Each structure stands twice: as C-alpha cells, then as structure tokens.
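Lettering of chains follows the sequences in order, A, B, ..., and the numbering in each one begins at 1. Source: prediction; values computed, not measured.
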Amino acid sequence: MPQDVYDKVIMLAKRRGFIYPSFEIYGGVAGLYDYGPLGSQLKNNLENLWRYFYIYKDSCLEINTPTITLYDVLEASGHVDEFTDLTVDCEDCKLSFKVEDIIEDESSIQQAIKDETLICPTCGGKLINPHPVNLMFATKIGIGKTRDAFLRPETAQGIFTGFHLLYRYAREKLPFGVIQLGKGYRNEVSPRQGPIRMREFSMAEAEVFFDPNNKSHKNFSEVKDHILYLYDNESEFQLTMEDAVSKGVINNQALSYYMYLTQTILIQGGVDPKKFRFRKHADDELAHYAEECWDAELFSERFGWVECVGIADRSAYDINAHIEASKTDMYAMRRYESPKIVKHKKIVPKMNILGPKLKDKAGDIKAIIDEMEVTGQIENLTIPFEGEEYLIPKDAYDVVEVEEKEAGEKFIPHVIEPSYGIDRILYCILEHNYKEIEKENESYHLLSLPYQMAPIKTGVFPLIKDESLTCISEKIDKTLREHGISTSYDETGTIGRRYARMDEIGTPFCITVDHDTLDDKKVTMRNRDTREQERIDIDALPDFFKKQK
RNA sequence: GCGGGUGUGGUGUAGUCUGGUAUCACUUAAGCUUGCCAAGCUUAUAACUCGGGUUCAAAUCCCGGCACCCGCACCA
C-alpha cells in the first residue's frame, strides 16, 4: 500500500502520542481527535508563541468566553441563518429529510413541493414544509425552563458581545485588540480530511477594533520593509509591506501588519517558507460583511494549499448587528479636540400644571416632550399618546434655548480579524518538519521542530547503565526540570537508539553523561539537526537551554 | 449524502478468491550485553473494525453499522 507523507505523519503522530482519533474503541467519530501527551505540549507551545506576538508585540487583551453561546447572539451575527441545510418533513410519518438527499437541484424545491412530486422515502407520504436546519451543535441551557443555545462556531462572537466593557477597559481609545484561544464547533457534513477538518477544533482569534477613518498601525513603520509572500489567484509574488500598501495590493496598514505577524508566527513555529503564501480572496468569494480578506495558506502534500489563517476586514458588520439586536450602546466615540457647543430649543413642561391635569399619563407624556426637537414657532402643542392627542396649553410649558456640549461623534468601530485554525497549522508543521533520511541503509525519520515548538527540549542519557553515570544523569534531569526545561530521561538500550527515539519526536538536543564526566564535570551535547557534539559544563546547562530560540 | 475501495498486535503487514485455533518485521517491556548515532542474544506482552446471519467450524462467505481513503456533492 503506497504511503504519502500524510500517512507517515499520521502514523507517527499516533504511535508517539501527538494526535489520534477520539473514542476509537467505540468505532471513532469522524472529525474528533485526541491530542496525546506530546501533541498537547506541541499545541501549548504554538499557542504560547501566538500569545507572545499578540500580547507582547501587539498589546492585545486576552479574554475567555463560554463555548456555549446563546441563540440570540448567533441569530444577530447571522449564523442561525447561514449555517444551514434545507430539510423537508413528511406529512404522514413526521420524519425529516435533507433536501439535498431527496432532490438533485435544491433551487427547484419550491416547485417540487407545489407539484407534489416529492414522496417520503420511508412511508411514501407527501413531503412538505421545506425549512433550513442549522449545522451548529444545538443545546439547551437549564432544566425545565430552558433557553436555546449552540456550541459556538467561532470564538469571535464572545469578544463582540463584550465590546462595550472591553472598550471601557481599554479606556475608550482605539485601536485595541482582543484575543481569545479556544474551541469552536461545527457539525460538518463530511469531515474527511483528518486534522484539517474537525468538528471540534481549536482556534486563536484576534478582533482588533479600529476607527474606520484610520486603519494605520503604530508598529507599521518598524516592520514596513519586511517581505510578504503573496498570491493573487494567478501568480505568486513578493512585496515589502510598504509597497503592498502603497500600491493598493493590500488595502491598509492594519491588514498588512497582521499579515506580517501571521507570517512571522507561522515561520517561527516551523512552517516551511516555501510552503507558505497569502492568498487574496477574489471579489466573488468575499463574505458579505468582508471588505477584504487574505488567507494564509500552507501547502500539504496530501491536501494541496490549505487555508489555515483568515485575515479579514470585517468592517462594522458584527458590532452593528449586536447594537441593533440587543439595543446596547456599543458605539465608540471620536472625541473633538474641544467639546462642541450646540444650541437648540427645548420645551420644558411645567409639571405642577401638567401633573394634576394628565394624572397617570403625565410621566410618559413628559418623556415624549423631552425628546422633541423644536424648530421654529410652536403653536397648539399636541402630543400623540396611546392613540389620543393631548393638547398642552401654552401656560403649561416654556420654550427655552439650551446649550449642550458634544464631546465627540459616535461611530461603530471596524474590526480586523486574524483567525487561526490551530489544528490545521499543527498538522502542517508536523508535515513540513517530517524528514526521512537514509542512515546506514536504514530509513530514519526525524521531526526538525524549532526549539520553541519541541515538546521535549532535551534527552538526558547515561552512556551506559552504570550507577556512577545514572546518578549524575538523574541529577541533571531533575535540575533541568526545576528550571522549566522539559526533558526525557532514558537509560535503556544503546545510545543510538535513544538518539533515534528523540529525533523522531523532534527533540533538538540530547545530553550524554560518560565516564569523563566524573573527572571534568562536562557532558556531551548532541544536536539533532547537525548531529554534532560538543562538551558543556554541567553547571552551564540551564543557561544553554535558556539561550535557545 | 451518493458511488467505488479499504479495515488483522502499539506500527507496518501475510493469510481472504479456495472457511479449519493468524505470518513476518519493527516497536515496547525484562534480563544479558553495550563506551556516542536504531548492534546482538534470551524471554515476555500484544491483533482479525463492530453487530447479526450461514456453517460442525468464519479474519475468510452473506447482510447491516462505524471509521478511513478516492471521486462527486457540501463546506470555506
């Protein structure tokens, strides 16, 4: 059976505890995977690398919001309408069927229902009531009296729904970014691409809020000469960030900056630069809310170019949707240099007269009067309320000219969203770093993971199982662990076998203690990629690892 | 979801047509050995995807479920 890199990587991943199908003893479930011990560490390392860039380089705020998300939120965001498949019901047996299973051309469903040509595949009854069924995982909150909810299809909505609080936390200044790492859920029709298409998956998302009039980025000038790897659906090319923006290839500095961050994170994380590019969405594939979108694509031998990160300018879409649906003030304020004084006329009702006259309606009518804009002369002031017109006599109000301060103008911030599929990136990193070499006529494989990504940083071995060597090795192992350096102690078999075990899981270094160590207090440090060895003082070991990148 | 293919220890496999208690290698573990790149020897652990049927007897034949792979569709 011919094996491609995918097969080999997946085999290794399962054998060595990186990633493997979930619940396999019960037959497994497509689209669900376990991260094993090494996989979990690898994932932590990628997520922490990502955090480093977004929190320390870009000053973003990290938050955590529930994966269970209220129906109303996802209705406002458009997911309830968009994540759907059409289904029909049987009039007799009440079963439901997906329209695409029943009829070839979904667009002709209405006509087919009218013609009564659709019959139930189970009982032969008439199929009626075509309606969309959502592909999000639905659930209910509470027992008895419940509220509808879904497992979130993206982490972003949790950020948007807290925007007004976060905006205050950021002291009402734009731009600022909010990040969230977490699980997302999609009940995929047919998740058949291994870790590339999962039903429960990890995402790292940033929502960076901008004034729509100013999508510049404060760090841009610092990094503007970096080259971006671009693809416009016709050819691949490279431009500096500055050129890309000034030539209009990339719409604004902010998009360009997050593309730069993305490229840097991925390549530092171990993505092969030759298997990396940004692809610009063509106009006809843009989501209806997006003004521009670039995908970071990673090349896989099995799957071709895989979309692993989407960097979209989502404009004001989401915040606007939540303002309208929830009636919450989520506007941002563009402050004037000094407050504007606006003069206008106002009606001030005399409540000592109106009160006794209007009785219980007085309060509501006052509220209406307070909201009225006054232009020109007022004659016969009448207020419509609960279907009746109430005449307010002239002696019951004054018209006064008031001055109001306006500190600024309200607007809906725009959102630039870099959204990372962690699992896809991890798979591609494994694939890109999987190396097969010939070694003494044997095929030998290793993972050339960058130091930062490697789940285990070093092996610690006594050259032979001799008590004088093992006790030093164990001590070195313990010391390194106390310094937060993950190690793997191994005293079994030959030294070559132990090196091989470490190479296969991407461990960049191995320390060997031999008899010379007893005299000179030095150990052999072996490099995974060069296989070179050097002698290092035992005392210098913690620093040696802390200097690695 | 449709059509086709596949499913055997931890991993990769032989055996399936032609039914009779499952082959080999690597890995793992214990021991001997071992002085820097998967050495060797001994021993041990360990598998027929699941359910039903046919049969004296099923990894093997039949039916169904599940998963994976390819194509189509779907999704982005």
Side-chain angles (χ1 to χ4, degrees), chain A residues 1-4 6-8 10-17 20-33 36 82-87 97-106 121 135 153-154 186-194 196-199 201 279 281-282 285-287 290 293 295 297 302-303 305-310 312 419 421 424 437-446 459 461-466 468-469 490-504 510-517 523-528 530-535:
Chain A
M1 193 182 287
Q3 294 178 341
D4 63 6
Y6 174 84
D7 288 324
K8 292 174 180 171
I10 290 296
M11 261 163 54
L12 185 146
K14 185 173 183 183
R15 194 158 39 82
R16 300 308 305 267
Y20 38 83
S22 299
F23 315 124
E24 215 178 12
I25 60 168
Y26 291 103
V29 182
L32 298 181
Y33 284 84
E82 282 175 33
F83 273 66
T84 55
D85 266 358
L86 260 190
T87 62
F97 301 91
K98 276 171 83 170
V99 168
E100 65 183 60
D101 300 343
I102 305 266
I103 186 169
E104 275 186 18
D105 178 13
E106 260 189 45
L135 294 181
E154 58 173 2
R186 293 182 55 178
N187 205 355
E188 294 284 354
V189 178
S190 147
R192 283 195 295 171
Q193 299 170 61
I196 298 299
R197 180 167 307 237
M198 286 161 60
R199 287 194 163 115
F201 53 102
R279 188 179 70 83
H281 277 211
E285 66 179 316
L286 279 176
C293 184
D295 286 342
E297 298 186 324
R302 166 73 71 91
F303 304 110
W305 287 99
V306 178
E307 165 193 339
C308 291
V309 183
S419 173
R424 289 182 170 193
I437 52 177
E438 256 324 281
K439 196 168 165 184
E440 286 164 25
N441 297 325
E442 247 186 309
S443 108
Y444 186 94
H445 29 258
L446 63 87
F461 312 143
L463 186 56
I464 57 165
K465 204 195 282 181
D466 173 322
S468 63
L469 302 186
D490 193 351
E491 57 181 31
T492 64
T494 63
I495 193 73
R497 177 180 297 275
R498 287 177 268 168
Y499 287 155
R501 262 199 285 260
M502 289 293 106
D503 285 347
E504 197 180 41
C510 291
I511 291 168
T512 305
V513 173
D514 57 27
H515 284 105
D516 293 340
T517 306
V523 292
T524 303
M525 178 70 70
R526 180 258 194 187
N527 180 298
R528 175 194 65 204
T530 64
R531 288 199 234 160
E532 279 165 9
Q533 306 191 349
E534 56 173 323
R535 298 287 285 178

Which value, in whole Å, describes the distance between the [atom1] atoms of nucleotides [N] and [M]?
N: B:G52; M: B:A46; atom1: C1'; answer: 28 Å
N: B:G31; M: B:C36; atom1: C1'; answer: 23 Å
N: B:C37; M: B:A30; atom1: P; answer: 23 Å
N: B:G65; M: B:A25; atom1: P; answer: 39 Å
N: B:U28; M: B:A38; atom1: C1'; answer: 14 Å
N: B:G9; M: B:G53; atom1: P; answer: 25 Å
N: B:C61; M: B:U16; atom1: C1'; answer: 10 Å
N: B:U45; M: B:U49; atom1: C1'; answer: 22 Å

Just wondering, do A:Ile511 and A:Phe461 contact through their side chains at under 4.5 Å, heavy atoms?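 They are not in side-chain contact.
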To the nearest Å, how far apart are [X] [atom1] and [N] [atom2]?
X: A:Arg528; N: B:C37; atom1: CZ; atom2: C1'; answer: 15 Å
X: A:Met11; N: B:U11; atom1: CE; atom2: C1'; answer: 6 Å
X: A:Arg197; N: B:C75; atom1: CZ; atom2: P; answer: 10 Å
X: A:Ile25; N: B:G7; atom1: CD1; atom2: P; answer: 23 Å
X: A:Gln193; N: B:G71; atom1: CD; atom2: C1'; answer: 13 Å
X: A:Glu154; N: B:C75; atom1: CD; atom2: C1'; answer: 15 Å
X: A:Arg535; N: B:G35; atom1: CZ; atom2: P; answer: 16 Å
X: A:Glu504; N: B:G10; atom1: CD; atom2: P; answer: 17 Å

Pairing annotation in dot-bracket form, given for RNA chain B with Watson-Crick or G-U pairs under 3.5 Å and | for cross-strand partners: (((((((..(((.......[...))).(((((.......)))))....(((((..]....))))))))))))....
In sequence, state the C-alpha distance, the side-chain angles, and the governing distance for A:Arg302 and A:Ile196, and then conclude on side-chain contact (heavy atoms from CB on, under 4.5 Å). CA-CA 11 Å; A:Arg302 166 73 71 91; A:Ile196 298 299; over 6 Å; no
B:A39, OP1 or OP2 - any side-chain N/O from A:Thr494 closer than 4.0 Å? yes
Look at the side-chain N and O atoms of A:Lys14 and state whether any lies under 4.0 Å from the OP1 or OP2 oxygen of B:U11.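 For A:Lys14, the contact criterion (side-chain N or O under 4.0 Å from OP1 or OP2 of B:U11) is met.
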Run the ring-ring contact (aromatic ring centres under 6.0 Å, His included) test against A:Tyr6 and tell me which residues pass, sequence neighbours left out.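 Expected list: A:Phe303, A:Tyr427.
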Under the ring-ring contact (aromatic ring centres under 6.0 Å, His included) test, which residues partner A:His515, sequence neighbours left out?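 ring-ring contact (aromatic ring centres under 6.0 Å, His included) check on A:His515 returns nothing, list empty.
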What's A:Glu24 touching, base or sugar-phosphate or nothing? Going by heavy atoms closer than 4.0 Å.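 Nothing: the residue A:Glu24, judged by heavy atoms under 4.0 Å, touches no strand.
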May I ask you to list the residues of residues 510-517 of chain A, by number, that have any heavy atom positioned under 4.0 Å from an atom of RNA chain B? A:Thr512, A:Asp514, A:His515
Taking only residues two or more places apart in sequence or in another chain, which ones pass side chain to side chain donor-acceptor pair (under 3.5 Å) with [X]?
X: A:Arg526; result: A:Asp503
X: A:Asp295; result: A:His281
X: A:Asp516; result: none
X: A:Arg279; result: A:Asn233, A:Glu285, A:Glu297

Quick one: which protein N/O atoms are closer than 3.5 Å to N/O atoms of nucleotides 24-29 of chain B? Pair and distance per line, please.
from: B:U27; atom 1: OP1; to: A:Arg497; atom 2: NH1; distance (Å): 2.5
from: B:U27; atom 1: OP1; to: A:Arg497; atom 2: NH2; distance (Å): 3.0
from: B:U28; atom 1: OP1; to: A:Arg501; atom 2: NH1; distance (Å): 2.0
from: B:U28; atom 1: OP2; to: A:Arg497; atom 2: NH1; distance (Å): 3.4

hbond_proxy A:Arg498 side chain to B:C37 base (donor-acceptor, 3.5 Å cutoff):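 Check fails, no donor-acceptor contact within cut-off.
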Tell whether A:Arg526 reaches the base of B:C37 with its side chain through a donor-acceptor pair below 3.5 angstrom.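 By the distance-only test, yes, there is a pair.
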Verdict with supporting geometry, A:Arg501 and A:Asp490, side-chain contact (heavy atoms from CB on, under 4.5 Å): CA-CA 10 Å; A:Arg501 262 199 285 260; A:Asp490 193 351; 3.0 Å; yes
Pairwise N/O distances under 3.5 Å, protein to nucleotides 63-68 of chain B:
from: B:C66; atom 1: O2'; to: A:Gly27; atom 2: O; distance (Å): 3.2
from: B:A67; atom 1: O4'; to: A:Gly27; atom 2: O; distance (Å): 3.3

Salt bridge or not between A:Arg15 and A:Glu504? Use side-chain N to carboxylate O under 4.0 Å. yes
Both A:Arg302 and A:His445 contact RNA chain B. Taking the nearest nucleotide for each, which residue is further toward the 5' end? A:His445
Sequence neighbours excluded, which residues qualify as salt bridge (Lys or Arg N to Asp or Glu O under 4.0 Å) partners of A:Glu24?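 Partners of A:Glu24 by the salt bridge (Lys or Arg N to Asp or Glu O under 4.0 Å) criterion, ordered by chain and then number, come out as A:Lys14.
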Got a sec, which residues hit salt bridge (Lys or Arg N to Asp or Glu O under 4.0 Å) with A:Arg535, two or more places apart in sequence or on another chain? A:Asp514, A:Asp520
